[in-house]
**Student:** 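The structure's right below; bear with me while I get my questions together.
To find a chain, count down the sequence lines: A is the first, B the second, and so on, and within it residues start at 1.
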Amino acid sequence: MKSISFRRKLYEIIMKALIYIAVGIIVLSFVGLIGYILYRGIPFVSWDLLSTKPSLIRGTVGILPNILNTLYIIIMTLIIVLPIGVGSAIYLNEYAKNKRIVKIIELATETLSGIPSIIYGLVGMLIFVQFFSLGTSLIAGSLTLVIMNLPTIIRTTQESLKTVPNSYREGSLALGSGKWHMIRSVVLPSSIEGIVTGCILSVGRIVGESAALLFTAGMANEIISIIHAPLANNAGSTLSVALYMYAKERGEFDIAFGIAVILLVLTFIINFAAKLAAKKINK
Amino acid sequence: MKNTLTRKKTLENMMNLIFTICGFISVAFVIVITVFLIISGAPAIGEIGIFKFLFGKVWSSTSANPSYGILPFILTSVYGTLGAVVIGVPIGILCAVYISKIARKKESAIIRSAVELLSGIPSVIYGLVGMIIIVPFVREAFDLPDGANLFSAIIVLTIMILPSVISVSETALNAVPKEYEEASLALGATKTETVFKVSVPAAKSGILASVVLGIGRAIGEAMAVMMVSGNVPNMPSLFSSVRFLTTAVASEMSYASGLQREALFSIALVLFVFILIINLFLNLVVKRKEH
């Protein structure tokens with residue numbers, strides 16, 4: 001076999017080296033990032049941290065309020081965004097006949113998904129905190145996140161609606177069901193996995209969000225009961241916002257790294273769940 | 001019988017209406033966001049003067065004789081984004097090439113999961129690690145009084161845009177028809193030559209989309225750069241503390257009032273226009289791919 005010229009060999013070697021360097025950088029930053037957070041944070045993750053609230057008198061610096069706030073915001077956001085998002089996807093896939101209208105709506109959805117979270121935070125403050133006078137509150141934060149997560153829910157639902165075979169729809173309609181009955185009993189059940197994937201992705205985004213919540217949900221660290229959570233003027237910070245506060249405003253890095261470990265574990269779980277759901281769809 | 005039929009028809013019509021409303025809600029949200037941003041952002045621009053606002057070099061919102069020039073923020077955002085793209089895109093594409101074309105199945109699955117996990121990590125964590133590791137490192141390495149500067153921000157942004165660049169480029173590379181590569185190999189090109197002279201050019205519109213996506217992500221990032229950029233409204237240079245468009249909004253919002261507060265909304269409006277332009281470009285790129 002005739003071997004290739006020197007120039008081509010050099011090209012081969014350089015390009016291969018560059019690829020391995022790039023992969024090395026990715027792997028190194030991944031391992032370094034995760035390793036460092038675990039190394040710095042794990043010593044500070046304790047039952048005390050998870051089960052108390054910050055109190056000068058008792059000398060505790062727990063993050064229980066932040067955990068609860070994160071949960072409240074996830075639940076409230078999903079309760080509102082799910083019906084709207086799924087309904088929107090159903091309209092786009094089942095009802096809309098005019099292609100132009102579908103294009104416009106899809107363009108709007110894409111625009112929403114490209115807007116940075118700091119702008120959502122600002123607009124959420126203008127609309128929900130001030131205009132609807134909800135005050136800095138968990139519910140104002142949740143409503144802001146509803147707009148933010150709408151594109152995710154619409155996209156994933158729409159994708160799974162597209163995979164429902166048309167013969168299902170035709171069969172149902174031929175048996176005499178109306179359009180809504182057909183959607184409720186045939187289309188939606190077959191696309192449930194896509195909706196679940198959308199929920200998981202949204203939860204991931206909500207858990208990691210900080211800029212949009214800073215001015216809408218506030219920075220309070222008090223425990224709020226589940227009854228009071230949806231009411232106006234009940235401010236509270238989620239885990240991500242609390243991390244920012246402890247690290248940037250107060251310089252308490254130990255707690256910040258403790259929260260970082262918890263966020264990391266949550267991210268890991270959410271990623272795994274999303275993968276599992278995606279696998280189920282492909283089956 | 002007739003009664004149930006009319007009832008059924010009413011229900012059908014009602015559901016039709018409900019779904020139509022849901023369908024148009026994203027359009028409504030875009031309009032509401034735009035209107036609110038313009039209403040609250042435009043007056044300050046009018047008061048300050050659009051030229052003075054966009055091209056003024058001094059931002060001193062709290063001084064006795066305040067001046068509101070956001071050129072430092074605009075340039076910082078542009079330089080920071082460009083820096084992250086210039087460093088991050090080659091690394092991202094090379095890594096995508098590795099995952100898509102070179103690695104064995106198991107290796108690429110592992111790296112892909114790592115990349116997915118990186119993209120899910122909250123930005124405050126990047127900020128925290130940047131604050132603790134990168135800022136002191138930059139201070140020591142370049143012998144500076146303070147390591148919180150544009151350079152640190154670029155490093156953090158680079159790491160943050162890598163996951164989206166990699167995953168979109170990889171999808172584009174995977175979509176290249178096998179025949180192209182086989183033809184190139186059959187003509188005697190090596191595997192590496194095939195990848196860089198056939199696969200990458202064939203996937204270029206997808207790769208371009210990944211770059212635009214990276215730009216969008218970098219220009220919109222607030223919390224992470226807030227923690228590592230020093231947050232001083234200087235004209236940008238690599239080793240001075242700087243303030244981005246996003247951090248300018250976030251850092252003064254909590255205490256601002258009057259014209260200063262309105263000017264912050266104007267900054268958000270400028271950022272929004274930037275994002276719309278990027279989105280438009282992304283749409284054009286993606287659309288061209290579909291044709």
**Student:** Side chain, backbone, both or neither: which part of Pro151(A) has a non-hydrogen atom closer than 4.5 Å to chain B?
**Tutor:**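 Nothing of Pro151(A), per the 4.5 Å heavy-atom cut-off to chain B.
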**Student:** If we define contacts as heavy-atom pairs under 4.5 Å, which of Ile147(A), Leu150(A), Val123(A) has the most with chain B?
**Tutor:**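 If we count pairs closer than 4.5 Å to chain B, Ile147(A) comes out on top.
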**Student:** Can you tell me how far apart CE (Met182(A)) and CD (Glu12(B)) are? Round to the nearest 0.5 Å.
**Tutor:**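 The CD atom of Glu12(B) is 9.0 Å from CE of Met182(A), to the nearest 0.5 Å.
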**Student:** Is a side-chain N or O of Glu193(B) found less than 3.5 angstrom from the main chain of Glu12(A), in a donor-acceptor match?
**Tutor:**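 Judged by distance alone, no pair lies under 3.5 Å.
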**Student:** Heavy-atom distance under 4.5 Å to chain A: side chain of Leu117(B), backbone, both or neither?
**Tutor:**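 Both backbone and side chain of Leu117(B) come within 4.5 Å of chain A.
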**Student:** Would you call the rings of Tyr11(A) and Phe196(B) parallel, tilted or perpendicular, taking 30° and 60° as the class edges?
**Tutor:**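 Tyr11(A) vs Phe196(B) ring planes: perpendicular.
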**Student:** We want to know whether Lys275(A) and Ser113(B) form a side-chain donor-acceptor pair, criterion being a heavy-atom distance below 3.5 angstrom.
**Tutor:**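 Yes.
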**Student:** Indicate the ring-plane relationship of Phe19(B) and Trp180(A), choosing parallel, tilted or perpendicular according to the 30° and 60° boundaries.
**Tutor:**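 Correct class here is tilted.
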**Student:** May I ask you to test the Phe30(A)-Ile111(B) pair for a side-chain heavy-atom distance under 4.5 Å?
**Tutor:**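 Side-chain contact under 4.5 Å: no.
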**Student:** Can you measure from CZ (Phe29(B)) to CD1 (Ile84(A)) and round to the nearest 0.5 angstrom?
**Tutor:**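 With rounding to 0.5 Å, CZ (Phe29(B)) is 5.5 Å from CD1 (Ile84(A)).
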**Student:** Name the option with the most non-hydrogen atom pairs under 4.5 Å to chain B; the candidates are Ser29(A), Ala89(A), Ala22(A).
**Tutor:**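 So the answer, after comparing Ser29(A), Ala89(A), Ala22(A), is Ala22(A).
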**Student:** Using a heavy-atom cutoff of under 4.5 Å, enumerate the residues of residues 154-162 of chain B that contact chain A, numbered in order, or state 'none'.
**Tutor:**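 Counting heavy atoms that sit under 4.5 Å from chain A, the residues of residues 154-162 of chain B involved are Leu162(B).
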**Student:** Determine the option with the most heavy-atom pairs under 4.5 angstrom with chain B, choosing from Gly87(A), Gly208(A), Ser113(A).
**Tutor:**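 Looking at each option in turn, the highest pair count goes to Gly87(A).
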**Student:** Quick check: closest heavy atoms across Ala260(A) and Ile125(B), and the distance to 0.1 Å?
**Tutor:**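 Minimum heavy-atom separation between Ala260(A) and Ile125(B): O-CD1, 3.6 Å.
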**Student:** Can you tell me which portion of Ala114(B) sits under 4.5 Å from chain A's heavy atoms? Options are side chain, backbone, both or neither.
**Tutor:**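 For Ala114(B), the contact with chain A is made by backbone and side chain together.
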**Student:** Roughly how far, to the nearest 0.5 Å, is CE of Met223(B) from OG of Ser117(A)?
**Tutor:**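 Answer for the OG-CE pair, Ser117(A) versus Met223(B), is 8.0 Å.
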**Student:** So for Met14(B), is it side chain, backbone, both, or neither that comes closer than 4.5 Å to the heavy atoms of chain A?
**Tutor:**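 Looking at Met14(B), nothing touches chain A.
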**Student:** Is the shortest side-chain heavy-atom distance between Ser123(B) and Ser210(A) below 4.5 Å?
**Tutor:**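 Yes, their side chains come closer than 4.5 Å.
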**Student:** Of the backbone (N, CA, C, O) and the side chain (C-beta and beyond), which part of Tyr95(A) lies under 4.5 Å from a heavy atom of chain B, both, or neither?
**Tutor:**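 For Tyr95(A), the side chain is the part near chain B, not the backbone.
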**Student:** With the side chain counted from C-beta on, respond yes when Ile219(B) and Pro116(A) share a heavy-atom pair under 4.5 Å apart, and no when they do not.
**Tutor:**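 Counting from C-beta outward, Ile219(B) and Pro116(A) never come under 4.5 Å.
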**Student:** Given that the side chain runs from C-beta out, which part of Gln130(A) has a heavy atom under 4.5 Å from chain B: side chain, backbone, both or neither?
**Tutor:**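 Gln130(A) touches chain B through side-chain heavy atoms alone.
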**Student:** Would you name the heavy atoms of Ile26(A) and Cys95(B) that are closest together and state the gap between them?
**Tutor:**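 Between these two residues, the closest heavy atoms are CG1-SG, 3.6 Å.
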**Student:** If you count heavy-atom pairs within less than 4.5 Å of chain B, which of Ile37(A), Ile25(A), Ile127(A) leads?
**Tutor:**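 So the answer, after comparing Ile37(A), Ile25(A), Ile127(A), is Ile127(A).
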**Student:** Determine the minimum heavy-atom distance between Thr111(A) and Asn279(B), stating which atoms define it.
**Tutor:**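 Where Thr111(A) meets Asn279(B) most closely, the heavy atoms are CA-ND2, 3.3 Å.
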**Student:** Give the member of Leu213(B), Ile25(B), Ile99(B) that has the highest number of heavy-atom pairs under 4.5 Å with chain A.
**Tutor:**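 Ranked by contacts with chain A, first place is Ile25(B).
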**Student:** For Ile33(B), which atoms come within 4.5 Å of any heavy atom of chain A: side chain, backbone, both, or neither?
**Tutor:**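 Both backbone and side chain.
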**Student:** If I measure from the heavy atoms of chain A, does Met131(B) come under 4.5 Å with its side chain, its backbone, both, or neither?
**Tutor:**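 Contact with chain A is through the side chain of Met131(B) alone.
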**Student:** Quick one, Arg40(A) with Val129(B), criterion side chain to side chain contact (heavy atoms under 4.5 Å, CB included). Give me CA distance, side-chain angles, the key distance, then yes/no.
**Tutor:** CA-CA 10 Å; Arg40(A) 281 288 303 260; Val129(B) 174; over 6 Å; no
**Student:** Between the side chain of Glu116(B) and the main-chain N/O of Asn271(A), is any donor-acceptor distance below 3.5 Å?
**Tutor:**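 No, the answer is negative, given that no donor and acceptor are paired below the 3.5 Å cut-off.
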**Student:** Sort Ile102(B) into side chain, backbone, both or neither according to what part of it lies under 4.5 angstrom from a heavy atom of chain A.
**Tutor:**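 Contact with chain A involves the side chain of Ile102(B) alone.
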**Student:** With a 4.5 angstrom heavy-atom cut-off, is it the side chain or the backbone of Ile101(A) that approaches chain B, or both, or neither?
**Tutor:**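 Side chain only.
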**Student:** So what's closer than 4.5 Å to chain A heavy atoms on Ile166(B): side chain, backbone, both or neither?
**Tutor:**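 Only the side chain of Ile166(B) comes within 4.5 Å of chain A.
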**Student:** Rounded to the nearest 0.5 Å, how far does SG of Cys22(B) lie from CD1 of Ile105(A)?
**Tutor:**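 Spacing of CD1 (Ile105(A)) from SG (Cys22(B)) equals 10.5 Å.
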**Student:** Just wondering, are more than 12 heavy atoms of other shown residues or ligands nearer than 6.0 Å to CZ in Phe6(A)?
**Tutor:**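 12 or below, so no.
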**Student:** Between chain B and each of Met125(A), Lys16(A), Arg205(A), His181(A), count heavy-atom pairs under 4.5 Å; write down the option with the most.
**Tutor:**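 With the most close heavy-atom pairs to chain B, the winner is Met125(A).
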**Student:** Heavy atoms only: give me the nearest Met227(B)-Ala247(A) pair and the separation to one decimal.
**Tutor:**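 Looks like CE-CB, 3.8 Å.
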**Student:** Applying side chain to side chain contact (heavy atoms under 4.5 Å, CB included) to Ile119(A) and Val249(B), what does each step give before you reach the verdict?
**Tutor:** CA-CA 9 Å; Ile119(A) 289 190; Val249(B) 177; over 6 Å; no
**Student:** Taking atom CZ as the centre, does Arg250(A) end up with more than 12 heavy-atom neighbours from other residues, nucleotides or ligands that are less than 6.0 angstrom away?
**Tutor:**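 More than 12 heavy atoms, drawn from other residues, nucleotides or ligands, come within 6.0 Å of this atom.
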**Student:** Side chain, backbone, both or neither: which part of Phe272(A) has a non-hydrogen atom closer than 4.5 Å to chain B?
**Tutor:**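 Contact with chain B involves no heavy atom of Phe272(A) at all.
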**Student:** Examine whether an atom of Ser40(B) lies under 4.5 Å from a heavy atom of chain A, and if so say whether it belongs to the side chain, the backbone or both; otherwise answer neither.
**Tutor:**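 The side chain, not the backbone.
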**Student:** Under a 4.5 Å heavy-atom cut-off, does chain B meet the side chain of Ile19(A), its backbone, both or neither?
**Tutor:**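 Both parts, backbone and side chain.
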**Student:** Using non-hydrogen atoms and a 4.5 Å limit, figure out which bit of Leu11(B) sits close to chain A: side chain, backbone, both or neither.
**Tutor:**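 For Leu11(B), the side chain is the part near chain A, not the backbone.
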**Student:** Using heavy-atom distances under 4.5 Å, tell me whether Val97(B) contacts chain A through its side chain, its backbone, both, or neither.
**Tutor:**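 Contact with chain A: side chain only.
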**Student:** Under the criterion side chain to side chain contact (heavy atoms under 4.5 Å, CB included), I'd like the reasoning laid out for Ile118(A) against Leu271(B): C-alpha separation, chi angles, the key distance, then a yes or no.
**Tutor:** CA-CA 10 Å; Ile118(A) 182 77; Leu271(B) 181 62; 4.0 Å; yes
**Student:** Flag the one option from Ile270(A), Val207(A), Leu33(A), Leu264(A) with the top tally of heavy-atom pairs under 4.5 Å to chain B.
**Tutor:**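 If we count pairs closer than 4.5 Å to chain B, Leu33(A) comes out on top.
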**Student:** Side chain, backbone, both or neither: which part of Leu276(B) has an atom under 4.5 Å from a heavy atom of chain A?
**Tutor:**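 It is the side chain, since no backbone atom gets that close.
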**Student:** Give, as side chain, backbone, both or neither, the part of Ile34(A) having an atom under 4.5 angstrom from any heavy atom of chain B.
**Tutor:**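 Just its side chain gets close to chain B.
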**Student:** For the CG atom of Leu122(A) and the CG atom of Leu37(B), what is their distance to the nearest 0.5 Å?
**Tutor:**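 Rounded to the nearest 0.5 Å, the CG-CG separation comes to 7.0 Å.
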**Student:** At a heavy-atom separation under 4.5 Å, does Ile115(A) approach chain B through its side chain, its backbone, both, or neither?
**Tutor:**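 Contact with chain B: backbone and side chain both.
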**Student:** Measure the spacing between CD1 of Ile18(B) and OH of Tyr91(A) and express it to the nearest 0.5 Å.
**Tutor:**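 Going from CD1 on Ile18(B) over to OH on Tyr91(A), the span is 14.0 Å.
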